Number of protein chains: 2
Amino acid sequence: MPLPPFAADLTGFDLLLSVARLGSVGRAAAEHRISQPAASARLRELERRVGLTLLHRTPRGSTLTGTGALVADWARSAVDAADALAAGLAALRATHESRLTVAASQTVAEYLLPAWLVALRAAHPGLAVTLQAANSADVAAAVLAGQVELGFVEGPDLPAGLHAEVVATDRLTVVVAPAHPWARRRRAVTAAELAEAPMVSREAGSGTRRAFDQALGGLVAAAPMVELSSTTAIKHAVAAGSGPAVLSSLAVTAELTAGTLVAVPAAVPLQRRLQAVWRAADQLIGPARDLYAIARRT
Amino acid sequence: MPLPPFAADLTGFDLLLSVARLGSVGRAAAEHRISQPAASARLRELERRVGLTLLHRTPRGSTLTGTGALVADWARSAVDAADALAAGLAALRATHESRLTVAASQTVAEYLLPAWLVALRAAHPGLAVTLQAANSADVAAAVLAGQVELGFVEGPDLPAGLHAEVVATDRLTVVVAPAHPWARRRRAVTAAELAEAPMVSREAGSGTRRAFDQALGGLVAAAPMVELSSTTAIKHAVAAGSGPAVLSSLAVTAELTAGTLVAVPAAVPLQRRLQAVWRAADQLIGPARDLYAIARRT
DNA sequence: GTAGAGGCATAACCCAAGGTTATGACCTCA
DNA sequence: TGAGGTCATAACCTTGGGTTATGCCTCTAC
């Protein structure tokens with residue numbers, strides 16, 4: 001389960017990407033603020049560890065070999081993911097005197113915001129972003145109170161005084177363990193069936209749970225089998241066979257691909273809008289406006 | 001441009017994920033084959049570096065704090081990406097006596113295969129996969145010659161003797177730099193316009209180029225402005241303003257989000273099928289069959 | 001043809017991060 | 001109250017990765 005040692009440290013791959021872009025080990029070294037021999041040694045070590053020749057070194061520069069180019073492309077996604085992680089951490093850590101303050105609901109903070117922050121940083125290098133992650137209601141309250149300039153929430157119920165714009169649509173997915181009877185269903189489960197089934201669900205008041213309750217129309221959902229406060233915990237519980245759950249499709253793509261969870265077709269409109277919100281009295285300006293534009297573009 | 005130091009080394013985050021899953025620092029240490037004090041020190045160092053408290057340590061185990069859970073979720077995607085990189089590298093490096101041999105065209109090898117390999121490894125721990133990355137024609141030839149059990153190719157033209165099944169549909173996207181006149185277009189560009197415009201394109205014979213030529217119907221495309229052999233090089237050329245290009249939408253999502261490239265609506269059916277191919281005489285069995293199933297599920 | 005510039009490799013040296021084992025302090029539970 | 005689990009601290013060691021100095025190669029320009 002732990003990451004193999006040669007993949008855990010991305011600096012070598014990061015350096016490889018710089019070499020690919022700049023065409024020489026020396027220039028890549030300069031970009032990373034290390035000496036040329038250090039870069040050279042690092043790249044050699046990387047090749048030794050992965051057991052492949054990645055670079056074509058010549059007295060006039062270095063270029064990627066064929067497999068090197070493929071590896072570089074794979075490495076790029078890993079480095080990008082690490083970069084998104086770094087952007088999120090920087091936003092969490094930033095002090096409150098910084099320029100842009102944002103609050104986001106769990107789904108947005110978890111799955112969408114990191115990429116947005118990376119894009120925002122491209123437009124505003126050096127901008128410090130402060131992020132509050134909370135549930136939709138708290139996000140709305142923080143925006144209304146002026147603690148944050150911009151918020152991202154799920155679901156339709158919003159307090160007055162807020163201006164909201166839909167930035168994306170999130171589809172909810174019914175998931176079960178592969179061994180669950182529903183896993184083999186071809187006919188969509190009905191609202192009634194969903195209402196009857198005890199589910200693994202988030203706590204009452206979460207955006208995901210509210211969206212599900214609404215999707216049932218007039219029906220009232222059975223008491224949940226378990227209530228858990230994190231998406232990850234729910235996924236594990238479902239995979240272990242606890243019962244069905246309703247989760248954002250953003251949250252389960254990896255598990256569906258890996259086959260640890262199975263999506264069940266459902267005959268109810270499991271959609272919800274992800275909205276950007278700000279005070280109706282204010283105008284979005286500067287970085288907040290740009291972040292909103294980035295979010296819309298997704 | 002280089003990755004910040006605290007994000008380059010993922011081992012700390014990987015360890016954090018183990019703690020989250022197992023509930024104690026000691027058990028996480030065991031999973032990573034290091035001593036408990038080493039793990040403890042590493043986690044403390046991680047918290048120091050990111051400047052956040054991630055763990056709630058108690059005499060009966062350790063759990064994530066609120067921000068810890070959010071960070072863990074972000075970290076998971078970074079670790080997963082690194083894991084996909086590792087799976088790809090392992091497949092490239094594997095010796096030829098290993099059990100499963102696969103060949104894939106560039107688009108598949110770059111964007112889809114790593115995730116599939118991760119899923120495959122979940123089903124077959126320890127399985128060694130050998131990967132050949134080549135263009136569609138060479139992949140087909142390798143399958144036909146029996147050098148590889150399973151191939152993934154783009155486009156419709158296949159030699160006789162191969163069995164093919166569509167595993168995914170890939171949409172091609174016309175992209176330009178934000179400053180390009182087409183970037184502001186609301187009306188779709190026509191096939192005639194696309195045929196006339198000198199493009200930045202892959203070399204003749206690549207799957208992407210063939211698909212584009214076919215999409216023009218009877219029209220014959222203008223000579224390309226530049227021919228480049230890697231997707232990355234094309235993206236840079238387009239972003240620098242060289243002209244339009246037609247690329248797999250898988251290849252440009254990040255750039256579209258970041259705004260360095262802009263998608264142009266097109267009035268031609270820019271779709272192509274990604275197909276799994278194997279020898280018509282053979283039956284897919286074992287890991288090859290599972291990899292095919294995983295690919296279909298995507 | 002030769003000098004110079006740019007590029008990578010090697011050598012010698014140094015430092016610190018991170019590993020280990022041994023041990024202690026703390027809490028819970030039978 | 002003692003046993004068994006947890007995490008923290010201490011003392012020590014190894015090694016990966018950094019630095020500067022230098023050499024060799026190849027292409028280009030005069």
Side-chain angles (χ1 to χ4, degrees), chain A residues 2-65 68 72 75 79 82, chain B residues 2-65 68-69 72 75 79 82 86:
Chain A
L3 227 37
F6 65 87
D9 188 359
L10 296 179
T11 49
F13 293 102
D14 198 17
L15 194 56
L16 182 71
L17 292 176
S18 292
V19 174
R21 187 155 37 79
L22 301 173
S24 103
V25 174
R27 275 199 289 277
E31 188 173 56
H32 286 243
R33 314 293 171 83
I34 60 176
S35 68
Q36 171 265 319
S40 191
R42 232 178 204 293
L43 290 166
R44 209 161 269 295
E45 176 68 11
L46 177 68
E47 286 181 318
R48 196 187 63 71
R49 284 221 247 261
V50 304
L52 297 167
T53 303
L54 303 173
L55 279 179
H56 210 175
R57 283 155 251 241
T58 81
R60 320 170 12 208
S62 297
T63 58
L64 295 178
T65 61
V79 169
Chain B
L3 229 36
F6 66 88
D9 189 359
L10 296 179
T11 49
F13 293 102
D14 198 19
L15 195 56
L16 182 72
L17 292 177
S18 292
V19 174
R21 188 156 37 80
L22 301 173
S24 105
V25 173
R27 274 200 290 277
E31 189 174 55
H32 285 243
R33 313 294 171 81
I34 61 177
S35 68
Q36 171 265 318
S40 190
R42 231 177 204 295
L43 290 166
R44 207 160 271 295
E45 176 67 11
L46 176 68
E47 286 181 317
R48 196 188 62 71
R49 283 221 249 263
V50 305
L52 297 166
T53 303
L54 304 172
L55 279 179
H56 211 170
R57 283 155 251 242
T58 82
R60 318 169 14 207
S62 298
T63 59
L64 295 177
T65 61
V79 169

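A note on names: the letters A, B, ... follow the listed sequences, proteins ahead of strands, and every chain is numbered from 1. The figures here come from the full heavy-atom set of this structure, side chains too, leaving out hydrogens, waters and symmetry mates. Note that the structure is a prediction, hence the values are computed from the model and not measured.
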Exercise for the section: Output all residues satisfying side chain to side chain contact (heavy atoms under 4.5 Å, CB included) with B:L17, sequence neighbours left out; order by chain, then residue number. Expected result: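 Only B:A72, B:R76, B:V79 meet the side chain to side chain contact (heavy atoms under 4.5 Å, CB included) criterion with B:L17.
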Exercise for the section: With sequence neighbours excluded, tell me which residues meet side chain to side chain contact (heavy atoms under 4.5 Å, CB included) with B:A39. Expected result: B:L15, B:V25, B:A29, B:I34
Fill in the blank from the handout: Min and max contacting nt of DNA chain D in 5' to 3' order, chain B heavy atoms within under 4.0 angstrom, are D:dG5 to D:dT9
Enumerate, atom names and distances included, each donor-acceptor pair closer than 3.5 Å involving a side-chain atom of residues 46-56 of chain A, sequence neighbours excluded.
residue : atom : partner : partner atom : Å
A:E47   : OE1  : A:R57   : NH2          : 2.2
A:E47   : OE2  : A:L54   : N            : 2.8
A:E47   : OE2  : A:L55   : N            : 3.0
A:E47   : OE2  : A:R57   : NH2          : 2.9
A:R48   : NE   : A:E45   : OE1          : 3.4
A:R48   : NH2  : A:E45   : OE2          : 3.0
A:R49   : NH1  : A:E45   : OE2          : 3.0

Handout entry: Note, A:D9 side chain near B:T11 side chain (heavy atom, < 4.5 Å)
Key = no
Problem - Minimum side-chain heavy-atom gap A:L64-A:L16 below 4.5 Å - result: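 Yes, their side chains come closer than 4.5 Å.
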Practice task
Would you mind reading off the distance between B:H56 atom NE2 and C:dC27 atom P, rounded to a whole angstrom?
Solution key: 13 Å
Can you find a side chain N or O atom of [X] that sits less than 4.0 Å from OP1 or OP2 on [N]?
X	N	result
A:S62	C:dC8	yes
A:S40	C:dA9	yes
A:R57	C:dG7	no

Practice task
Starting at the 5' end of nucleotides 15-20 of chain C, put B wherever the base has a protein heavy atom under 4.0 Å, S where only the sugar-phosphate does, and a dash everywhere else.
Solution key: ---SSB
Problem - Nearest atoms (heavy-atom pairs only) where B:Q36 meets B:G26 - result: CG-CA, 4.1 Å
Exercise for the section: Could you tell me which non-hydrogen atom of B:V19 sits nearest to which non-hydrogen atom of B:A28, and how far apart they are? Expected result: CG2-CB, 3.5 Å
Handout entry: Non-neighbouring partners of B:R27 that pass side chain to side chain donor-acceptor pair (under 3.5 Å), sequence neighbours left out
Key = none
